[in-house]
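All values derive from a computational prediction rather than experimental measurement. Throughout, protein chains are lettered first and strands after them, A, B, ... in sequence-line order, and every chain is numbered starting at 1.
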Amino acid sequence: MSVFLTSLVALLSFWRRHPGQFLTLLGGLTLATALWSGVQAINAEARASYAEAASALGQDELDRLISPDGPFAEDIYIALRRAGWAVSPVLEGTITRDSGVIRVLGIDPITAPPAAQTIDLSATEDLRAFLSGRVYGAPELVATLSEGGFDAPLTASANLASNTLLMDIGLAQQVLDQRGLISHLLLWPSQHKGLPPIAEIAPMLDRVGPDTRSDVASLTNSFHLNLTAFGLLSFAVGLFIVHSAIGLAFEQRRTLFRTLRALGVSARVLVGLLVAETLLFALLAGVLGMIAGFFIAALLLPDVAATLQGLYGAAVDDTLTLRPSWWIGGLAIAILGAAAAAAQSLWRLWRLPILAPAQPRAWARASEAALRRQTALAFALIIAAVSVGFLGDGLLSGFAMLGFGLVGAALLLPVVLSALLRLGARFASGPVSEWFWADTRQQLPGLSLALMALLLALAANIGVSTMVGSFRLTFTGWLDQRLASEVYVTARSEAEAEALREWLEPRVDAILPIWNLEARLAGQPGEVYGVADHPTYRDNWPLLTAAPDVWDRVAAGTGVLINEQLSRREGLFPGDTIRLPRQWDAPIVGVYSDYGNPEPQAMVGLSAFQARYPETPRLRYALRIDPRLASGLMEELQTDFGLPADTMIDQASIKSISLQIFERTFTVTGALNVLTLSVAAIAILTSLLTLARMRLPQLAPLWALGLTRKRLAWFEVLRAALLGALTALAALPVGLLLAWALLAVINVDAFGWRLPMHVFPADWLVLGLLAILAALVAAAWPARWLSTRAPSDLLRIFANER
Amino acid sequence: MTLKLTGIRKTFRSSEGPVEVLRGVELAVAAGESVALTGESGSGKSTLLHIAGGLELAEAGEVTLGNMTLTGMNDATRAAARREHFGIVFQQFNLIPSLNVADNVAFQSRLSGRYDPALCQSLVEKLGLNGLEARFPEQLSGGQQQRVAIGRALAGKPQVVLADEPTGNLDEDTSDIVLDLMRILVEDAGAALLMVTHSGRLAAKLDRTVHLSHGLIAA
């Protein structure tokens with residue numbers, strides 16, 4: 001026992017004497033864990049919200065009957081009940097209030113299966129109250145709606161998702177203005193035997209199991225995978241710091257290891273103690289990282305929630321809950337990360353002969369052979385990335401390609417920098433300049449880990465900002481095309497809609513109906529729109545590919561347009577046909593871009609739409625009018641016609657809302673980007689700080705030969721700036737390749753759309769300057785330390801080095 | 001207990017082929033005896049010392065301490081033997097930089113479970129390290145560091161002290177002081193001392209000198 005304790009005390013005493021290095025190690029691991037667990041907390045919260053929403057009707061457990069044509073008539077339900085089928089009707093839809101979009105769920109409490117009974121209505125008075133109009137909602141939603149905006153009596157229930165109102169189906173039909181309609185039927189798990197097949201009674205309905213439905217959780221998977229990938233990148237960059245700190249501590253303690261071994265501590269005990277030390281640090285940093293991660297998640301969650309609502313209509317609580325699985329996962333990743341970072345050092349220690357040279361050597365001086373091995377590994381990874389890119393399919397292989405490519409590029413960096421520095425040395429004139437280039441090359445192995453971290457952070461920054469910038473440019477242009485009409489208005493009923501059309505007729509240039517039908521397209525829930533034959537569409541609609549006579553064929557009802565998501569997902573292009581509701585196999589004549597919409601969509605000519613789907617509500621309209629008259633018209637609509645303000649919106653407002661949603665979508669990635677860059681800067685700082693101490697023996701002779709401490713310190717700063725600049729230069733092509741992969745592979749797989757790539761050289765310049773600044777700031781402290789060393793410290797070098 | 005090396009052989013590989021450094025060395029150091037091991041550079045003095053302490057393995061031959069045979073032990077058992085029976089003093093001092101003087105002196109005795117505060121304090125005093133207990137190695141001169149290393153080697157009450165050119169980094173005056181101290185303390189402890197040195201003057205201070213030449217102890 002005394003061997004363990006005494007040796008452990010000796011090992012730990014190193015950290016007591018090097019508190020800065022201890023903080024670096026702890027800080028690196030804490031940061032890495034914080035970024036990773038922050039992202040995981042966000043993902044967990046979002047998934048819990050989806051699960052909560054799904055369990056509101058026991059959806060995740062029960063089979064459903066749905067119609068590919070969207071909502072269907074109650075008669076079908078009655079026919080099935082009469083035939084003996086235990087089914088229960090549900091109507092789902094959304095309404096908009098000042099507080100945002102609210103999901104309305106109408107159920108029949110008498111026939112609903114137990115798994116769908118989220119609210120306890122076993123008491124007769126509760127059931128009676130529900131049937132006569134009591135509405136249940138999450139406490140915060142009820143509190144908001146109680147202030148106004150909803151007429152029915154509201155009761156709070158913690159069992160419901162935050163944006164959901166649960167009510168009797170009859171009331172839901174009124175609220176959603178879908179009288180006599182049902183979204184789907186829930187099937188009881190056990191049914192009587194010998195019933196006539198559903199296909200005979202209701203041939204238009206499909207039976208869908210819990211796994212085959214496209215719900216919000218699967219729709220948002222790609223978003224969460226993106227977020228996870230960024231978390232992982234930040235974690236990896238953080239691990240570079242940990243690896244570097246552990247590696248350095250290993251080299252600094254070589255003498256100590258040798259002494260301990262010589263004094264009778266076996267290799268096994270020593271390695272065991274270092275494993276224990278690593279575990280101790282991992283646990284400590286893990287807990288700290290989890291706390292920091294919680295705050296990061298709490299800070300970012302509102303933006304993520306807004307993004308998910310905007311992109312997918314998915315409601316996510318913007319308050320964070322601590323889950324045990326998250327704690328365990330976070331601590332496990334901290335331990336795994338520390339183990340990965342320490343593995344190399346522990347392996348080297350295991351193989352270290354007792355009488356190995358005690359001078360710190362390997363960390364600061366990688367051998368040529370090691371560099372060759374690293375280059376080979378880098379090329380292997382790059383080849384793997386290219387192979388996965390060509391052969392792989394899907395989002396995971398896309399991320400695998402990015403992972404291989406980024407790590408390969410990072411491993412290649414020291415080789416590239418070494419070549420550049422060799423080139424620089426050719427232009428050196430004078431002994432000091434020659435020393436500077438040679439010395440910089442010699443420092444490279446010691447700094448390479450930190451520089452690799454910087455490369456990854458910079459490349460991620462360039463890649464993501466290029467993607468976001470390209471997206472922003474394309475999106476704003478696309479919004480201009482899509483939102484060509486000046487005013488958008490929604491009537492509250494069919495009667496009001498008819499009166500509205502009459503009222504508007506003499507006042508506007510054109511009334512363009514926006515009528516749509518919820519339907520399943522290629523097996524996925526989507527929408528079919530009817531589109532008027534008008535120059536607004538012919539001149540503006542953002543078509544990606546189209547048949548020559550596209551608009552004539554759409555107007556004639558002999559062709560249909562589909563969105564890019566549907567086209568890419570199903571491989572449908574002009575010339576193919578698509579099955580629309582009511583068994584309509586329509587030829588595709590064009591594909592349009594439809595950014596921000598996760599669902600498939602089709603557009604058909606208005607006349608054909610009306611003829612085939614006459615029951616569709618005709619409530620929404622886009623109005624063409626001289627833009628200068630738009631606000632006047634909206635005022636008149638309120639004062640003269642009597643429409644409430646929340647039923648209309650002008651072009652500028654809708655564009656601004658869309659752009660706002662867009663900007664919030666990328667707030668999270670932006671924040672992670674900045675954090676990753678900060679982590680990389682810290683990596684450089686810590687490497688330079690620790691190297692500075694090891695460099696005294698190298699610099700003392702120069703001081704003795706007549707170079708002032710101040711001048712030597714300036715050389716240190718200059719070296720950091722040079723390496724920062726060269727790394728930024730190397731990060732540029734890597735970042736652009738990353739952007740290309742994000743735009744052409746990841747986005748297509750994740751969202752179903754491909755964006756043209758735009759480049760932003762001014763941003764690169766700013767980023768390059770930031771990288772140099774980060775390196776300068778990181779170098780300033782060690783340089784100052786060096787410049788203030790007392791001559792006695794430098795003289796001691798000569799006294800000790802014999 | 002007597003430290004006995006019998007038929008020790010060791011070969012190193014070099015670019016010019018294998019070099020047989022030790023060719024069947026025979027050596028015994030009795031308890032309370034001090035022996036200087038001399039020889040020209042590259043004669044294998046340090047290698048022999050390392051083999052005696054189990055730091056390095058011989059290709060052939062046997063190392064025994066009393067009834068205990070070091071050769072043939074695995075790493076863990078050799079390590080245990082080292083911490084319990086040997087005290088080692090290196091030319092480079094090899095103190096633990098993050099521990100102060102007092103902790104460095106006490107270190108090996110703590111490792112072997114034989115920590116005796118009174119003995120450590122007396123060693124500190126005898127070695128002239130009074131008042132320096134709280135200092136760290138980097139704050140000491142070379143002579144002071146080596147005195148700490150000697151204290152560390154003796155605080156564990158070893159049966160054998162192995163010293164590899166312990167004064168190689170010290171000036172002549174300091175060397176004399178350090179060696180005299182070491183010799184007296186080892187003698188007081190009744191331990192055996194085997195010291196590698198280049199200096200005939202210092203070797204003369206010990207009970208006996210053996211000269212290593214061409215891989216064998218010269219007669």
Worksheet item: Heavy atoms, side chains only, cut-off 4.5 Å: are B/Arg82 and A/Leu263 in contact?
Response: no
Worksheet entry | Closest contact, heavy atoms only, A/Ser266 versus B/Ala79 | N-CB, 3.6 Å
Worksheet item: Nearest 0.5 Å, what's the OG1-CG distance between A/Thr259 and B/Leu95?
Response: 8.0 Å
Worksheet item: Checking B/Phe86 against chain A: side chain, backbone, both or neither under 4.5 Å from a heavy atom?
Response: neither
Discussion item. At a 4.5 Å cut-off on heavy atoms, which part of B/Ala76 comes close to chain A: side chain, backbone, both, or neither?
Written reply: both
Discussion item. What's the separation between atom CG in B/Leu99 and atom CG in A/Leu256, rounded to the nearest 0.5 Å?
Written reply: 7.5 Å
Worksheet entry | CH2 (A/Trp15) with more than 12 external heavy atoms under 6.0 Å | yes
Worksheet item: Heavy-atom count around A/Arg784 CZ within 6.0 Å, excluding the residue itself: above 12?
Response: no
Discussion item. If you count every heavy atom of other residues, nucleotides or ligands that lies below 6.0 Å from B/Glu172 atom CD, does the total exceed 12?
Written reply: no
Response to the item:
Heavy-atom nearest pair, B/Ile88 first then A/Ala262, reads CD1-O, 3.6 Å
Worksheet entry | Side chains of A/Leu260 and B/Phe107 in contact at under 4.5 Å (non-hydrogen atoms) | yes
Practice prompt. Drop me the distance from B/Leu111's CG to A/Ser7's OG, to the nearest 0.5 angstrom.
Written response: 4.5 Å
Worksheet entry | Least distance between heavy atoms, A/Arg261 atom then B/Asp75 atom | NH2-OD1, 2.9 Å
Worksheet entry | Between CZ on residue A/Arg268 and CG on residue B/Asn74, distance to nearest 0.5 Å | 7.5 Å
Worksheet item: Considering only heavy atoms, which portion of B/Arg152 lies under 4.5 Å from any heavy atom of chain A: side chain, backbone, both, or neither?
Response: side chain
